Each structure stands twice: as structure tokens, then as C-alpha cells.
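Step one of this worksheet: look at the structure below.
One is the number of the first residue; the rest follow in order along the sequence. Remember, it's a predicted structure, so these values are computed and weren't measured experimentally. Side chains are part of it too, since the values below use all heavy atoms of this structure and drop only hydrogens, waters and symmetry mates.
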Amino acid sequence: MTKEFVDVLIIGAGPSGCVSASYLHNNNVKIKVVEKTTFPRLVVGESLIPRVMDHFAEAELFESLDAMNFEKKLGARFIRGEEICVFDFSKKFGEGWDWTWQVPRADFDNTMAQEVIRKGIDLEFGSEVIEVSFEGKNSKTIIKDKNGDLKEIHAKFIIDSSGYGRVLPRLLDLDTPSKLDPHSSIFTHVKDINRPEGEEGTQISFDILETEVWLWVIPFSNGNTSLGVVGPTDFINSLSENKDNAEALQNAIQKSDYYIKRFKGTEFLFEPVKLENYSRAVKRMYGDGFALTGNSSEFLDPVFSSGVAFATESGMLAAKLYLKESQGIEVDWETEFTAYMKRGIAVFTTYVNEWYTGNLQTLFFHQPENPEVKEKICSVLAGYVWNEENPFVKKHDNVIKNMAYMLNMQKEENQSPE
């Protein structure tokens, strides 16, 4: 069995893995990336949020991605019947990027991976992690390559960016049930032949079919559009008695007054994919010699497109903390990694929960709009969930429900007979 010796082994070549690898390589750390699949490959998570742009820029991946001319995402639109709420990232509280991309992830991830390879980083596709063992912080990982040959990789540190592969959580028994209610989704791509001209045709939208059920519409610059339905698992399963994903998604589209004309009968470009009970959590996010990043640790819900942002945030942070530690500087992983990430995760978890209670929707669609409130919520939706100067971050656990309660009380008072 051949042996390789590296400073850091990164498992997974998605956004988290590529950001980690590129940043560490730029700082002269010897890296190896192993990726079980071959690229390009289909993956969900096609709507980004502005916070990710900070990471792509810092990892020196931005220029290669920008050259692909992916569709620019300037905000997001939420639709509920005849009510519409549009968030413009340029009108948010605090500093930060005002735009990001909406992307076919197969092309997007492959662009990043090829840029990582171009930089000279050893990225090995088709290699599966079979076994991991630790002696102190040093690790020995057995991988099986695309030819079926086994290889030993010795590393001083492992960054698990394996996403839904959840390599270390499986091998080290780190999985734990998510605290979020079980939701599922079904999605595919279509050739958007009825796409309107201008902003209407390119704007990402979330069409609320019921309080807990919504349709996503993510247009790409290549003329295709991603369509998906999200809801409680029981509801998603009820969309097709035969458990036919295509039939289920067609039935969901039929429920959309806003999009039925645009997408009714549109041919799906691939058999719709179902993600069932997708929320994930772990017992701990790090250990001696490893850190879990992105979906390999926590995944919440696609409603606010936070998945890639948490992936790149945790990937960049894990890389920085390893680099700091390798320079002889003491790192408190509990405080600097777990506690930091958990603060952002807690904010988005509140927003996800309050979305499904309907409280956040009450704030979104209230008329007349409160521009100051909207700016503060917009900052959260843009991914700036560590900015505690924003009261909608600092007081996230009660500000939404309290404000929704007051608005509902006012509405009842206005409707009550004198």
C-alpha cells in the first residue's frame, strides 16, 4: 500500500473544501484533497448569499468564478398569493457584498475544483475514504482510488468538507438528530422557454403555496431554471401516490398561481431528485486533529440559501485556525470554531423556525413596509449573521415573534367592529 504525507487532508471538493484548500495552499501548506465523485456532478444548493463572496475573494477563487458569467443575484423575492416582498441586497443594514450568484452547481463546483488544480493543489477525484484513525492529532486515512487501489494518507489535520457524504460523522459516530422539524424537497432543472424578459425572468423567487410549503425558482444564465418544492416530509410524500418524483413536482407546480403558466408541462431536464429529511446536526464540530465543515456538520434548510455560506464560512475558519495552530499559536477550538459557528447557525435556525411558524412571513408581507426593519432582515438574509450591531441578529431569539405578535394584534384591532 502506497503512503502519502501531507499537512492537511481535505475530504470533499465542494465550496468548503475548495475554499479551505486554496487558502491553505496560498499560505504554503501542503494539501491533499480527496473527492469521492467525479466532476461535474449534480448537487443542490444553487442559490448563494452575499457572505460567500468574502470567502471566494479571500481564497483567491473569485476571478475564476466571475469569468463564468453566472447569473447575478441582487436580492430575493417572496410571493404569497397576490402579495410580493422583494429584498434588495444593496439596501441592507451594515457593510458587506451587495450581490452574489445563482448557479448550476455542477458548473460552479467544477470551475472551483479546476482552479484549485490549476494552482497546483493535489486534488484526487474518484477516491473514497474507507477508514480513519488518530494518534494524537496525527491521522492515518485509508482511501480507495478509482482503480480500486488502497492508499494510506498521513496528515497532521483533517478538514471534513464531505457534505452529505458526512465521512467523519459516520466513521467517528458524531451524528445526532436535528432539532428542526422533518422537511423534504424535490427539484430538477428545466429549459425555461417561457422566461419573461428583464428582471422578472432572472429574479430568484420563493412562491409560498402554504405556510410550510414553497416553490423555488432559480434562473441560470444558461437559459435553464432550477425548480424545487419544499415542505413537511408528509406533505411532499402526499404529492404522488406512486412516489413518482416527476408527478409530485408537476403537482406542486399546479398549485402555484404565479408560475403555473410559465412552467406547466415544461419538460424536466433530468429525473427530479428527492432529498428527504435533509436537516443534519452533529455532537461536536471538531476533535483532536480534525474539523467538520459545511453540510458534514450542520445543514438547516434551503429556504434562505444558507448552506453554501455556512460551508465556506466554516471551511475558511477551519483553515485559518489550523494555520494559526501550525505556527505555534494556541487555538481554543471550542470558542474560536464551534461557538463562533453556532452563533451564526442559531440566528439562521431562528429564521428558519419562524418562517415555518408564519411569524417571519407576517413581517415580510406587512403593509406598509418598515424600511428599517426590512434592511436589518435583509442583512441576515445576505448571510451577515455575526454582526451583532444588528438587533435582528443580537435579539434573534425573540425579536421576530414579538414583532409578529404586535402586528397581528394591530391587524385584529383594525378589523374588529367598533
Side-chain angles (χ1 to χ4, degrees), residues 14-20 22-23 26 45-78 85-105 107-109 111-112 115-116 199 202-206 216 218-221 226 293-294 300 302-320 340-341 343-345 347-348 351 364 371-394 396:
S16 175
C18 284
V19 163
S20 299
S22 185
Y23 179 84
N26 295 345
E46 299 147 328
S47 168
L48 310 182
I49 55 179
R51 175 58 181 158
V52 301
M53 309 300 272
D54 295 292
H55 307 134
F56 297 143
E58 191 170 6
E60 298 180 13
L61 294 169
F62 174 82
E63 287 188 7
S64 62
L65 293 169
D66 195 41
M68 294 296 292
N69 294 315
F70 294 116
E71 191 67 54
K72 281 192 173 182
K73 177 182 173 183
L74 305 177
R77 177 173 64 174
F78 296 85
C85 173
V86 177
F87 287 94
D88 179 345
F89 291 140
S90 70
K91 297 176 181 177
K92 68 180 182 306
F93 177 87
E95 300 296 319
W97 284 73
D98 292 343
W99 64 276
T100 183
W101 293 297
Q102 44 211 50
V103 298
R105 282 286 301 278
D107 299 336
F108 187 80
D109 289 11
T111 299
M112 271 192 296
E115 178 64 11
V116 161
E199 184 180 13
T202 60
Q203 190 171 43
I204 180 174
S205 299
F206 302 87
W216 81 58
I218 308 173
F220 303 138
S221 58
S226 175
T293 71
L300 302 179
V303 65
F304 301 125
S305 309
S306 63
V308 173
F310 279 133
T312 56
E313 186 85 38
S314 54
M316 178 62 80
L317 183 56
K320 287 181 174 180
Y340 174 85
M341 289 304 305
R343 283 203 305 275
I345 290 167
V347 175
F348 259 118
Y351 277 69
F364 279 19
E372 290 186 7
V373 168
K374 195 170 181 182
E375 286 176 2
K376 293 176 173 66
I377 293 175
C378 188
S379 181
V380 172
L381 301 187
Y384 293 99
V385 290
W386 288 272
N387 179 9
E388 295 198 343
E389 292 180 2
N390 183 352
F392 277 72
V393 170
K394 189 170 185 178
H396 66 90

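Side-chain polar atoms of Tyr340 and Glu313 form a donor-acceptor pair below 3.5 angstrom. Under 3.5 Å, the side chains of Trp216 and Ser226 contain a donor-acceptor pair of N or O atoms.
Between Phe62 and Trp101, the ring planes are parallel. Angles under 30° get that label, and only those over 60° would be called perpendicular. Using the six-membered ring where Trp is involved, Phe206 and Phe78 have ring planes that are parallel, under 30° apart on the 30 and 60° scheme.
A donor-acceptor contact shorter than 3.5 Å is absent between the side chain of Ser22 and the backbone of Cys18. Using modelled atom types, one side-chain atom of Ser16 and one backbone atom of Ala311 make a donor-acceptor pair closer than 3.5 Å. In terms of modelled atom types and a separation under 3.5 Å, the side chain of Arg77 and the main chain of Val86 share no donor-acceptor contact. Between the side chain of Tyr384 and the backbone N or O of Trp97 there is at least one donor-acceptor pair closer than 3.5 Å.
Ion pairing of Lys92 with Asp98 is present here, as a side-chain N (NZ or NE/NH1/NH2) and a carboxylate O approach within less than 4.0 Å. For the pair Glu58 and Lys320, the salt-bridge criterion is met [side-chain N within less than 4.0 Å of a carboxylate O].
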Problem - Worked check of side-chain contact (heavy atoms from CB on, under 4.5 Å) between Val393 and Arg343 - result: CA-CA 9 Å; Val393 170; Arg343 283 203 305 275; over 6 Å; no
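Side-chain rings of Phe56 and Phe108 approach one another, their centers coming within less than 6.0 Å.
The only option from Phe89, Phe87, Phe93 that meets the side chain to side chain contact (heavy atoms under 4.5 Å, CB included) definition with Ser379 turns out to be Phe93.
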